[in-house]
Each structure stands twice: as structure tokens, then as C-alpha cells.
Colleague: 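The structure follows.
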Amino acid sequence: MKKFNRTLVTTALPYANGPVHIGHLAGVYVPADIYVRYLRMKGEDVLLIGGSDEHGVPITIKAQKEGITPQDVVDKYHNIIKDSFEKFGISFDVYSRTSNKVHHETASEFFKTLHEKGEFVEKTSEQYYDAEANQFLADRYITGTCPHCKSEGAYGDQCESCGTSLNATDLIDPRSSITGNKPELKETKHWYLPLDKYEPYLKQWILEEHKEWKPNVYGQCKSWLDNGLHPRAVTRDLNWGVPVPVDGGEGKVLYVWFDAPIGYISATKEHTPDWEKYWKAEDSKMVHFIGKDNIVFHCIIFPSMLKAEGSYILPENVPSNEFLNLEGDKISTSRNWAVWLHEYLEEFPEKQDVLRYVLTANAPETKDNDFTWKDYQARNNNELVAILGNFVNRALVLTHKYFDGKVPAAGELNDFDKETLAEIPTIKAQVEKNLETYHFREALKEAMNLARLGNKYLADTEPWKVIKTDEERVKTIMNICLQISTNLSTLMEPFLPFSANKLREFLNIEPLAWENIGENVIEVGHQINKASLLFEKIEDATIQAQVDKLLATKAANEAANKPVTPAKENINFDDFMKMDVRVGTITEAEKIAKTKKLLKLTVDTGIDQRTVVSGIAEHYKPEEIIGKQVSILVNLEPKKLKGIESQGMILMAEDADGKLSFVSPDQAVKPGSEIR
RNA sequence: GGCGAGGUAGCUCAGUUGGUUAGAGCGCAUGAUUCAUAAUCAUGAGGUCGGCGGUUCAAACCCGCCUCUCGCUACCA
């Protein structure tokens, strides 16, 4: 194995268009923090780098919506995010931002270097341009009718209604969302990084030399590499970002994904004039902590950029977590389905470690996981309170009770004492092994075993009984319990820094080095402090309040967030009368094979029995809708879908969250009844 | 559509190069215990390892097909 002399740890840059939530913490920042705290305790040279990603189109859209400048948006969220991380004890050496001067200079230099080396390909293409707003339109700024499902309001890059990804030029009747005008096509030049050029190198580097990467990361890279890489545009027509620093770059900025990872470099520069040794020395190890949505950027694109530049090292590992869900649903900023860190800090003061613990114990390391408040409560009450907090409390209380809080001297150790103490180095080794291979969940579990060991030791030695007959023996027992407690304060430091600190206060000791674990470091006669509680039980009412809050916020936001679609143009009565809508009864329903959404329905329209293909399979099961009365447009011209002729259309009401429901008469009526 | 990851005890997850009775934590049951925030300790129940088929003396693990979940996906439509 390669020997490294220093480690550079980067954490994905959170996008500064909203606060951060538990998903961010669980996926990236807590594991990264555990890792660097561990390395620091071992006395290694390590930097933890982070910062806010402040460029890109969504920020300009948010600014426009709120009537403020993009800088206002990022200032606001950068401060909230930075503050949340600090309060959760994420021990950044530097937490920077991509809108600052150092970064603009660094990114600009980087681009120029590649440009001068001839690493870019320049290409001209046609893009939509809004003449009135005098700017090119990013895909997200163009809406129109989806060429596939014909629904309106599709974006230039994707139709949210049918999920298809699109090219802006495919949209029917495209509109600029800035002015509402019809945009025109205009030629524009962009710089592309020819990823295909680095493909052979990347294949060797990842597929051959980094088989130890996590399966999700390795698999994703392999998928990309096997499919072949293509040149990728690294500039955009936009005015918010790092300006393209070469001729012809006026009015253009670096693509946010080109600019953001360079943010790691700028942040390091900002932190230390010695930044180059972390980025360029062969004996430096770089590790990127990211979420699974970032894999391709950190494993393919950024390495290609670094390779193109030529003087940088590439990451040694890219531990990427999957996603954390919340109470069974995907975490979503726009739907406000999240536990926000700044809110948690207010509502659960002094409980940072509880969340750190729960998120580590249930981290989405191998697959998406679910965070529930009930699990949060259970882990706090049954693990932190009952196992860790309780053991420490027992040890301290007994020491005060029998020996006035002075560490007693151990007498001769019996076999059980020796066996117990011998467990400590074993646990230490297990924790190390797991931390070094990025298995934080397992590492934490092993660390908790030390507290379990303590509880078992007490149960087996029963000092509260022995004290009546053999005080000398109890001195030995308590000495060992205090040794375990001391070791716990060190072992838990990477995971639960606040509690480890509190425990040291109880024990009245200074921070220790990782290598002290397993050594007898607590002095005989040392006075310990009066114990208070390391963790407190969390009551049902507290948890219920959080669940209620979540549900209420969700409901409120759904109502407020989704504006009702504006009314369409007026039509005359004759137009309306052209539509023949009837009440029909569903008599048969079956799922159409190999489709996600489609059901084949047979409907009794009163006029006839007819077949209708309807995209409702995600909302209704075939067996539960038979006999249902629905509204059906009977004179829509037939259309073949998946080889089945659909003769009409079932009318559905679509809720803000996309949920469909039938439009049905509120009492049974005869099939064929007209709806007017 | 193509591709990737995942589907192991009620819940959350381990299972090394295929090798005996498939493990852990939480939850549950029973017992012990009272120093401790009714916390702790011991014991136990609970699994056709997503489904079907194949390779093998031997499959949770290798191969094929199917299925469910999550994700990625092209100047493809």
C-alpha cells in the first residue's frame, strides 16, 4: 500500500440556494468530519476543505423570483450553511465560497492554463436567445410543450410531466420564461473539454487501479466509461459566475460544474500559502466525500480537468453515500420535506451529538436509508442514554459513593479484569480498520461496544455487593471502570465530539491522543468531578411534535408552493359543445406489460364498451377501480399506445404533487349520462 | 429503452477468495439484578438470504431469466 504523508479531505460544496438538511449531514459532512478528527487525533497532517457553491442558473432564477440579486441569495444561504456546520462541529479548516475573489482568480487561471495548452475544443452551436432580455437562455429558462407527452410547461432540459430529458430545440412553441417572448435561435461559441481524450487513462486509473472504491462509485464510473465519453461544454451563456477569461468569452461564464470543484483548490489556497503540497505532492492523499449525485463529476470530469492541467494529483478515494430519505419520502428542498439543520439546532439545543450519532448509525452507506423520528428517539434512549450515558454515570456515581471521587488504585488483577482490559485494544483496532475503509456505521458500532463492555464488567463484578466485604477489590473494579470511561472519551471523540468533551469534564481530564487508547492514563488519586447526565431521554411528545410539524409544513407548502395554472384563453360555447364527455363505468382493468404508468381499461360508456389506455397505474391498482364511475371524453380521436388502440380519455384531476384522482359523479348515475 | 447499485430476522445492516448449525445492533419474550436516566446483564424465539432455473461434491456468494426499489443516462426519440 502506498505511503502518504498528508491528507486532503474535501466535502461536496452545498449549493447556496437553500439551507442544509440532515441528508447533507448524513451523506457527506458527518462522515468526513469523523474521518479527519480521527486522523488529527493520530497526529497526521490533514485538511478538511469545504465551501458553498454559489454559481449556476438555479440561483439566478431564485434571485429573480424574490426580486433580489444573486449575490443577496448566496450571501444569505452561505451564512446559514456555514453557521449550521460550525454548530454541528464539522471541523473545517476552511469553509469558503465560490463567489469570492481567490476563487474567481483560481478558476480563471485554471481555465486559461487549459486554454493555452490547447486542451479545449471550441464549438459553435445554435441556442435560444431572448432579444428583449438581451441574453441567451439556459435550458431552465425555456418552457414549452413537450414533444412526447404534449404537456405544457416542459423545461428546455426536461419535461417534468413525462420525465423525458429534452433538448431545448425539441420543444414545441418555446417561450422565454424571462419575458414570455418566443426566443430566436442564435449562434454561440463554447469551449468543450474533450473527455474522450482521457478515457483510456481513466479506464486504467479507475477500473484497474481503484477496484477498492465502493461498489456504487465503481459501478457508476464503469457504466460511464463503457458507454464512451464525449466532449463536454465547460462554458455557458450567463452573467452569473466566473467570466470566461479568454477572447470571445464576453457575456459567458464557466459552467458551474467546471468552476465548483476548482473551489476545493481555491479554498485550500485561502487557508494556507502551502496549499500546493496538498494538491501536487505525490505523497499527498486526496479524498472526496460526496453524495451519489456527484459521482460522475468527481470521478470522471474533475479528474479529467486535473489531468489536463497536468500538475495535480488525483483523488485516492471518493467515498460516496447514497441518499437519506425522511419518514419514507425523498428529502426535497422545494417541497420543504426535510429536517433543516438550523431549525434542529434551535429546537434541540445541545443535542448535536444525538443527531450525529443517529445519522452515522443509520448512514446510507450502501443503499438509500430512511430517517424517522421514532428511530431517532429509540437510538437516543436505548443506545446513547442506556448504554453509553448509563455506563459512564454508573462508574462516576460509584466512585463518588465509595471513594469520594478519587481514582482508587488497582490491586492485583484477576483473569476477568485482564480479559476485560485486553478487549480495549481489540476494539480500537476494529474502529481503526473500519474508519480507514470508510465504514463509519460499523466503526461507531464497534466504539459503542466499549460501553457495552463496561456495563457487562459492572454486572459481572457487582461492586455494590462486594463493597460490603472487600473494599480493596472494589478499588480495582472502579479503577478499571474509570479506565474504560477515559478510553471512551477518546474513542468517541471523532463521532461525538461534544459528548466526548463533556465526559472529559466529568473526569476532569485533558484531551488525549488516539494512541493513548488502551493505555492506563488515569492517575491514582486524581479527583473527578461530580457527574451530570451525558445524554437525556427524549419523550414521546417531543418526537410527536416533530412529526406533526413535518406534516403541517408539508401540507402548507404544497398549498402555497404550487401556483394554480392560469386560466387558458376563452373559447366559445360551440367549442365547448364539441367535447362529448360522458359518465362511464370501468368494467375491466389490467396493467400493460413493460410500462410504468399505463393501464388498459374497458369502459362501459352507455354507448358501447370501449378500450381506453390510461396513464394512472402509479396511482390506482387495476383491481380497486373496477366498477368505478368516471368521466370519459368519448369523441377524442383514437390513438395507438403500446400497440393498443385507446378510444377516448379518462378525465383526471391532478393534485399539486402530481397525484391523480378520478372525476366521478357523487352518486351513481347511468353510464352514458352526458357531462355538461 | 440502455446502464449501475440494492433486495439477507419485525426494523437497520454485516456476511471476507463459494465450504459445517447464515451473523450483529435495536425491538420482542423469559430469567437475573438494583450502583445507574425502570437504565443493566444473561438466555431465547424469529430467516425457503426477492422469485425461478443452471454450474458445482458444495451457492446468500458464480451464471441465466424474471421481479421490486433507488439512481444515472446521449446534440436517442
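None of the values given here were measured: they were computed from a predicted structure. First the proteins, then the strands, lettered A, B, ... as listed; each starts at 1.
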Colleague: Pair Glu322(A), Lys292(A) - check salt bridge (Lys or Arg N to Asp or Glu O under 4.0 Å), show working.
Modeller: CA-CA 5 Å; Glu322(A) 302 281 301; Lys292(A) 67 172 162 181; 3.2 Å; yes
Colleague: Now, which nucleotide makes the Watson-Crick or G-U wobble pair with G25(B), with each of the two distances under 3.5 Å?
Modeller: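 For G25(B), the partner nucleotide comes out as C11(B), under the 3.5 Å rule.
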Colleague: Please tell me which of the listed nucleotides, U33(B), U37(B), G71(B), lies nearest to the side chain of Lys537(A)?
Modeller: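 For Lys537(A), the side-chain atoms sit closest to U37(B).
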Colleague: Could you give the distance separating G19(B) and A59(B) at their C1' atoms, to the nearest angstrom?
Modeller: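 The same atom, C1', in both gives a distance of 10 Å.
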Colleague: Would you indicate which nucleotide in U37(B), C75(B), A5(B) comes nearest to any side-chain atom of Pro215(A)?
Modeller: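 Nucleotide nearest to Pro215(A)'s side chain: A5(B).
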Colleague: Under 4.0 Å from OP1 or OP2 of A14(B): is there any side-chain N or O of Thr366(A) that close?
Modeller: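 For A14(B), OP1/OP2 do have a side-chain N/O of Thr366(A) under 4.0 Å.
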Colleague: Using the C1' atom on both, measure G51(B) against A45(B) and round to a whole Å.
Modeller: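 Approximately 27 Å lies between the C1' atom of G51(B) and that of A45(B).
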Colleague: State the pairing partner of C61(B); accept Watson-Crick or G-U wobble contacts with both distances under 3.5 Å, and report none otherwise.
Modeller: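 Pairing partner, where one exists within any strand: none, as none qualifies.
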Colleague: Would you mind pulling out the nucleotide paired to U37(B), Watson-Crick or G-U wobble, both distances under 3.5 Å?
Modeller: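 For U37(B), the partner nucleotide comes out as none, under the 3.5 Å rule.
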Colleague: Considering only U40(B), C3(B), G6(B), which nucleotide approaches the side chain of Ser223(A) most closely?
Modeller: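 Of U40(B), C3(B), G6(B), C3(B) is nearest to the side chain of Ser223(A).
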Colleague: Closer than 4.0 Å, any side-chain N/O of Arg394(A) to the OP1 or OP2 of A39(B)?
Modeller: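 Answer no for this pair, as no side-chain N or O of Arg394(A) is under 4.0 Å from OP1 or OP2.
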Colleague: So, does Lys292(A) get its side chain near the phosphate of G4(B), meaning an N or O under 4.0 Å from OP1 or OP2?
Modeller: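 So the side chain of Lys292(A) is outside the cut-off, no N or O lying under 4.0 Å from OP1 or OP2 of G4(B).
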Colleague: Check whether any side-chain N or O of His400(A) sits under 3.5 Å from a backbone N or O of Asn529(A) as a donor-acceptor pair, and report yes or no.
Modeller: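 Indeed, once roles are kept as given, a pair shorter than 3.5 Å links the two residues.
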Colleague: Measure from the side chain of Trp224(A), starting at C-beta and using heavy atoms only, and say which of G7(B), A39(B), U73(B) lies closest.
Modeller: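 Minimum distance to the Trp224(A) side chain belongs to U73(B).
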Colleague: Does the structure show a Watson-Crick or G-U wobble partner for U16(B), both distances under 3.5 Å? Name it, or say none.
Modeller: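 Matched U16(B) with nothing under the 3.5 Å cut-off.
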Colleague: Looking only at side-chain atoms of Arg452(A), point me to the closest of A5(B), C41(B), C35(B).
Modeller: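 Among the listed nucleotides, the one closest to the side chain of Arg452(A) is C41(B).
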Colleague: Starting from the C-alpha separation in whole Å, work towards a yes-or-no answer on side chain to side chain contact (heavy atoms under 4.5 Å, CB included) for Phe348(A) and Leu355(A).
Modeller: CA-CA 9 Å; Phe348(A) 293 88; Leu355(A) 192 58; over 6 Å; no
Colleague: Partner of A42(B) by Watson-Crick or G-U wobble geometry, both contacts under 3.5 Å, or none?
Modeller: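 Check on A42(B): paired to U30(B), both distances under 3.5 Å.
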Colleague: Among U37(B), A42(B), C35(B), which nucleotide sits nearest the side chain of Lys401(A)?
Modeller: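 Between U37(B), A42(B), C35(B), the one nearest the side chain of Lys401(A) would be C35(B).
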Colleague: As a quick check of understanding, evaluate salt bridge (Lys or Arg N to Asp or Glu O under 4.0 Å) for Glu505(A) and Lys502(A), giving each step before the final call.
Modeller: CA-CA 5 Å; Glu505(A) 280 171 20; Lys502(A) 214 164 154 188; over 6 Å; no
Colleague: Examine the side chains of Tyr457(A) and Asp417(A) and answer whether a donor and an acceptor come within less than 3.5 Å of each other.
Modeller: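 Yes.
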Colleague: Measure from the side chain of Ala386(A), starting at C-beta and using heavy atoms only, and say which of U40(B), U37(B), U33(B) lies closest.
Modeller: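 Nearest listed nucleotide: U40(B).
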Colleague: Please determine, for U69(B), whether a Watson-Crick or G-U wobble partner exists with both distances under 3.5 Å, and give it or none.
Modeller: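 Its partner is A5(B).
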Colleague: Nearest to the Val385(A) side chain among G71(B), G25(B), U37(B), which nucleotide is it?
Modeller: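 Closest of the options to the side chain of Val385(A): U37(B).
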Colleague: With C1' as the reference atom in both, quote the distance from A60(B) to G7(B) in angstrom, rounded to an integer.
Modeller: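 Going atom to atom, C1' in each nucleotide, I get 12 Å.
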